[in-house]
Amino acid sequence: MKKFVTFIGVAIVLAVFIAACASANFQNISKEYVLTTELRDGNLIFLGVNDEINGVSNPTLSAKPGETITVTLINGGEGKHDITFPEVQAHTEIVSEKGQETSVTFTVPNVHGEMEYYDSVSNHAKLGMRGILVVSLTEQSPVSSAQSSGDPQVLAAFQKGACGSCHTIAGIPNAAGVIAPDLSDINMAAEEHIKSGSYTGKATTAEEYIHESILDPNLFIAPSCPTGACSPNVMPATLSTTLSTDEINNIVQYLNGLPAGAYSDNAIITAATQAPTTGTDIVRDPTDLPAPLEVREPTTVIINLEAVEVEGQLADGTTYTYWTFNNAVPGPFFRVRIGDRIEVHMKNNTSSVMNHSVDFHAVTGPGGGAVMTQTKPGEESTFTAKAINVGLFVYHCATPMVAQHIANGMYGLILVEPEGGLPTVDREFYVMQGEVYSTEDFGTQGHLNASTEALLDENPEYLVFNGAVGALTTQKPLKANVGETVRIFFGVGGPNFTSSFHVIGEIFDRVYNLASLTSAPLTDVQTTLVPPGGATVVEFKLEVPGNYILVDHALARLQRGLAGYLVVEGPVNLEIFNGTPMPDSGH
């Protein structure tokens, strides 16, 4: 009985203690922000709906160190959403129905600076759903996140004397905790410095002062640094041990792109002394294709394919795990004659993690051969088929999820020549377009991870010719001479995007539309459409020397790696083209 009474007493004390804590926590919630989601001018945004942030797009929230705040999200429609504060690992639940509501409550870290918030669902953050929470002892009027993280403040963060708090650089992934001053009072600090006797510049307003400080950091006086270390413990001397090599290099790359004088020598963060990340060369040389076939009777052609998973070079300093046919992207170019029998040997390397297979669009039969070639690591499968249709055909892996295998590099072309072959040309090239879907943003250094979510959303970070950024520009450009005729066998592995294939500065004399070699070619074509899983053959004569850029004329894709060069050498032809090249033309 005595033990029971003791238990009851302890329970009552605990209950009182828990209630007191709950009450205290409730009392510490000093403010609440309410946001909804909205589609405005084609962009997804957060929209403030209470008190001082009402009607503000992606509002800048503010709080004092140690405060406890609640952020509420109301789904305004347009899909599923949440709000995430990555620096404190706080997030709401996902709300999927219009009008559904969710909240998150957390204590603001005892630091000065900026904390990012965004919608972590799908690619909503990239579409504009992100903002800033300013942590400062001084309240800040709500403004849009675009204003609060604009260039002047970001640049000023790295002026001479910058020090102190945790600061997130807008536009740089994983750059939380970068050394920078507390910029929440930058306008007041600027005005005080202008009025002081120590200022030697010409600015009369805070805005002019910030702009001036970018050009001449010696005129800038950094706000005083916090006396305590920020959390995590980030100070200039320990920065390199707090951030990863990739994060440091990203920051350095950002700083190097700023105007001259945007930071002083002693304020720049030194890049880690480490060789750039490199991987295996997976780029298929555009000249790596068999010569036209001699006139002959139909025969059996052996096709050997091996699935090899390899860490390949996607871009300078960036690698990706490719799934390849025969260690390159695209796979080998095969050339057969109408009536030939192909004997396919499909191997899967013993080091592979996945099963792989092959589907030839040139094959008449279940799955184009994929039904016969679902091959486990270390095993081999075979099938035979007769080439009964002339044309240029895509082949690709067809193991579920098929789109994933294709996006990782498993595609190629097979040419079924007509009986008399194709017209003679001086040079032939092999080019294919593909997409890479990574979790990390375009340009991230180090090894990238495949993103199934981005793949299903059809939101690639990279679009490439022959497997990698720079594959056909800095690495293995196409080369020819004035007076020669060239033929490009062009295909789209995809798996999702149609290509508007175009060579800048040239006109296709002949286009075998959709790679139909038994139809009359189109003539004098500027740009030709090629769907994913499709191909084309283009031919043209070279009259003028220079660099000709291969593009998908959905030209924004240039910014994600989709370009190639056709370098043409030879005598000028002033009758056809005459002028003086201008600098910075981009061609």
Exercise. Side chain to side chain contact (heavy atoms under 4.5 Å, CB included) between Val482 and Val568: does it pass, once the steps are laid out?
Worked result: CA-CA 6 Å; Val482 169; Val568 180; 3.9 Å; yes
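- Side-chain polar atoms of Asp281 and Gln313 form no donor-acceptor pair below 3.5 angstrom.
- Checked for salt-bridge contact, Arg335 and Glu417 meet the test: a charged N lies under 4.0 Å from a carboxylate O.
- Using a 4.0 Å cut-off between charged nitrogen and carboxylate oxygen, Asp509 and Arg487 do not count as a salt-bridge pair.
- By the 30° and 60° cut-offs, the orientation of the rings of His361 relative to His396 is perpendicular.
- For the residue pair Thr37 / His124, no side-chain donor-acceptor distance below 3.5 Å is found, with atom types taken as modelled.
- We find that Lys347 and Glu306 are not joined by a salt bridge, their nearest charged nitrogen and carboxylate oxygen being 4.0 Å or further apart.
- Using a 4.0 Å cut-off between charged nitrogen and carboxylate oxygen, Arg560 and Asp552 do not count as a salt-bridge pair.
- Using a 3.5 Å distance cut-off with no hydrogens or angles, the side chains of His502 and Thr527 do pair a donor with an acceptor.
- For the residue pair Ser499 and Gln433, a side-chain donor N or O sits within less than 3.5 Å of a side-chain acceptor on the partner.
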For this session: Would you check, one step at a time, whether the test side chain to side chain contact (heavy atoms under 4.5 Å, CB included) holds for Phe325 with Cys397?
Result: CA-CA 9 Å; Phe325 287 119; Cys397 185; 4.1 Å; yes
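- For Tyr322 and Tyr320, the distance between ring centers is under 6.0 angstrom.
- With respect to Glu116 and Arg130, a salt bridge is recorded, a charged nitrogen being found less than 4.0 Å from a carboxylate O.
- Looking only at atom types and distance, the side chain of Tyr437 has a donor-acceptor partner in the side chain of Asn496 under 3.5 Å away.
- Side chains of Asp82 and Glu93 form no contact here, defined as non-hydrogen atoms less than 4.5 Å apart.
- Ring-centre distance between Tyr462 and Phe442: below the 6.0 Å cut-off.
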For this session: Test salt bridge (charged side-chain N to carboxylate O under 4.0 Å, His left out) on Lys80 and Asp119 and set out the steps.
Result: CA-CA 9 Å; Lys80 300 178 181 180; Asp119 185 342; over 6 Å; no
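- Side-chain contact between His356 and Thr375 is absent, with no heavy-atom pair separated by less than 4.5 Å.
- For the residue pair Glu379/Asn348, the side-chain donor-acceptor check at 3.5 Å is not satisfied.
- Side-chain rings of Phe360 and Phe393 stay apart, their centers remaining 6.0 Å or farther from each other.
- No hydrogens or angles considered: a donor-acceptor pair under 3.5 Å links the side chains of Gln374 and Ser357.
- Donor-acceptor pairing under 3.5 Å is lacking for the side chains of His405 and Thr399.
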